[in-house]
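In what follows, a single structure is set out as C-alpha cells and then discussed.
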Amino acid sequence: MYEIEIISSFAAAHSLRQYKGKCERLHGHNYRVHVTARSSAPKSDGMVMDFGDFKGVTNGILDQLDHRFLNEIKPFDEIEPSAENIAAFIFREIEQGMKERGHLLHSVGVWESDTSVARYIRG
Ligand SMILES: [Zn+2]
C-alpha cells in the first residue's frame with residue numbers, strides 16, 4: 001500500500017454554539033490540514049497522484065474557508081464548526097473535486113493547534 005500526504009493551512013474564526021466554556025466565544029485558529037490518499041499500486045507514471053493536482057484541489061477548498069467566520073458559511077451555519085465537522089466537510093469536497101481519483105482519498109486531519117487534531121478517515 002502506498003500513501004501520499006500533503007499539508008496545507010488556513011486561518012478562520014469560529015464559535016462552538018453548543019459548547020459550554022470558552023470555545024463558545026468567538027475565537028480563531030491557524031488550522032493545519034493534512035490530507036492523505038492511498039493506493040495499492042501507483043499509476044504507470046509511478047505516482048499515486050500528482051502532488052500538484054492534489055494540492056490544487058485541496059487549496060481550492062481551503063480558500064473558501066480562509067479568513068472567514070465559519071459559523072456564517074455553509075454548512076457551518078447549520079452544523080457546529082468543530083474540527084471533526086470541518087475535516088469531514090473538507091474530505092467530501094476534495095473527494096468530489098478529484099473526480100475519478102476521488103476514491104483514493106483516505107483521510108483529512110484538521111489541526112486546531114500543535115497538539116490537537118481531528119481526523120476524518122474513509123470508513
Ligand atoms: Zn476553536
Side-chain angles (χ1 to χ4, degrees):
M1 180 67 73
Y2 297 85
E3 182 175 84
I4 65 169
E5 180 169 17
I6 59 168
I7 299 173
S8 192
S9 62
F10 68 98
H14 74 168
S15 70
L16 298 178
R17 305 170 187 94
Q18 296 175 38
Y19 191 88
K20 296 301 167 211
K22 64 181 184 178
C23 291
E24 188 179 5
R25 300 199 297 262
L26 176 63
H27 65 284
H29 296 279
N30 291 315
Y31 291 97
R32 204 165 73 239
V33 179
H34 291 214
V35 185
T36 67
R38 286 184 174 181
S39 178
S40 57
K43 294 185 294 180
S44 60
D45 62 6
M47 300 178 197
V48 171
M49 71 175 71
D50 184 274
F51 279 122
D53 295 343
F54 199 15
K55 286 177 185 169
V57 171
T58 298
N59 288 334
I61 307 306
L62 300 187
D63 281 350
Q64 299 171 29
L65 306 175
D66 192 37
H67 286 72
R68 301 295 296 268
F69 177 33
L70 297 177
N71 297 55
E72 292 181 340
I73 62 173
K74 288 193 179 304
F76 308 111
D77 55 341
E78 294 182 353
I79 64 169
E80 286 284 56
S82 62
E84 289 86 339
N85 285 340
I86 296 168
F89 169 76
I90 293 170
F91 185 100
R92 286 190 291 269
E93 293 291 311
I94 295 174
E95 186 177 38
Q96 283 183 9
M98 285 167 46
K99 300 187 176 71
E100 74 278 0
R101 303 197 70 74
H103 67 286
L104 298 180
L105 186 62
H106 176 68
S107 70
V108 171
V110 171
W111 297 71
E112 279 197 347
S113 72
D114 288 340
T115 56
S116 302
V117 57
R119 200 170 277 122
Y120 183 85
I121 299 171
R122 183 184 294 282

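Here salt bridge (charged side-chain N to carboxylate O under 4.0 Å, His left out) pairs that include residues 6-15, with residues two or more places apart or in two chains, number zero. Within the structure, every pair that satisfies the salt bridge (charged side-chain N to carboxylate O under 4.0 Å, His left out) test and touches residues 85-95, not counting sequence neighbours, is listed here: E95-R122. Among pairs with a residue in residues 15-43, those fulfilling ring-ring contact (aromatic ring centres under 6.0 Å, His included) read F10-Y31, H14-H27, H14-H29, H27-H29, H29-Y31, H34-W111, at least two apart in sequence or across chains. For residues 72-99, every residue pair satisfying the ring-ring contact (aromatic ring centres under 6.0 Å, His included) rule, not counting sequence neighbours, is listed here: F76-F89, F91-Y120.
Rounding to the nearest 0.5 angstrom, the gap separating the CD atom in Q96 from the CG atom in L105 is 11.5 Å. A distance of 8.0 Å separates CD1 in I61 from CG in L65, rounded to the nearest 0.5 Å.
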Pairs under 3.5 angstrom only: tabulate donor-acceptor contacts from the side chains of residues 66-73 to other protein residues two or more places apart or in another chain.
{"unit_1": "D66", "atom_1": "OD1", "unit_2": "A11", "atom_2": "N", "d": "2.9"}
{"unit_1": "N71", "atom_1": "OD1", "unit_2": "S15", "atom_2": "N", "d": "3.0"}
{"unit_1": "N71", "atom_1": "ND2", "unit_2": "S15", "atom_2": "O", "d": "2.7"}
{"unit_1": "N71", "atom_1": "ND2", "unit_2": "S15", "atom_2": "OG", "d": "3.3"}

Donor-acceptor list for residues 35-43 side chains, cut-off 3.5 Å, not counting sequence neighbours:
{"unit_1": "T36", "atom_1": "OG1", "unit_2": "S107", "atom_2": "N", "d": "3.2"}
{"unit_1": "T36", "atom_1": "OG1", "unit_2": "S107", "atom_2": "OG", "d": "2.6"}
{"unit_1": "R38", "atom_1": "NE", "unit_2": "E3", "atom_2": "OE2", "d": "2.7"}
{"unit_1": "R38", "atom_1": "NH1", "unit_2": "H106", "atom_2": "NE2", "d": "3.4"}
{"unit_1": "R38", "atom_1": "NH2", "unit_2": "E3", "atom_2": "OE2", "d": "3.1"}
{"unit_1": "S39", "atom_1": "OG", "unit_2": "A41", "atom_2": "N", "d": "3.3"}
{"unit_1": "S39", "atom_1": "OG", "unit_2": "A41", "atom_2": "O", "d": "2.7"}

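When the shell of 6.0 Å around CZ of R119 is examined, it contains 12 or fewer heavy atoms from other residues, nucleotides or ligands.
For the residue pair A87 and A118, the shortest heavy atom distance occurs at CB-O, 3.9 Å. Closest approach of E78 to R17, counting heavy atoms only: N-NH2, 4.4 Å. A83 and V110 get closest at one heavy-atom pair: O-CB, 3.9 Å.
Although no hydrogens or angles enter the test, the distance criterion places a donor-acceptor pair under 3.5 Å between the side chain of N59 and the main chain of K55. For E80 (side chain) and Q18 (main-chain N/O), a donor-acceptor pair under 3.5 Å exists by modelled atom type. Not a single donor-acceptor pair under 3.5 Å links the side chain of R25 to the backbone N or O of L16. Side-chain N or O atoms of T58 include one that pairs as donor or acceptor with a backbone N or O of F54 at under 3.5 Å.
Residues Y2 and I6 share a single hydrophobic cluster, defined by chaining ILVMFWY side chains whose heavy atoms lie under 4.5 Å apart. Hydrophobic clustering of Ile, Leu, Val, Met, Phe, Trp and Tyr side chains at less than 4.5 Å, counting indirect connections, keeps L62 apart from V117. Residues V57 and M47 do not share a hydrophobic cluster, defined by chaining ILVMFWY side chains whose heavy atoms lie under 4.5 Å apart.
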message = Between R101 and D53, does the salt bridge (charged side-chain N to carboxylate O under 4.0 Å, His left out) criterion hold? Intermediate values first, please.
response = CA-CA 11 Å; R101 303 197 70 74; D53 295 343; over 6 Å; no
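Using a 4.5 Å cut-off on side-chain heavy atoms (C-beta onward), V108 and V33 make contact. Residues M49 and L104 are in side-chain contact: their nearest non-hydrogen atoms beyond the backbone lie under 4.5 Å apart.
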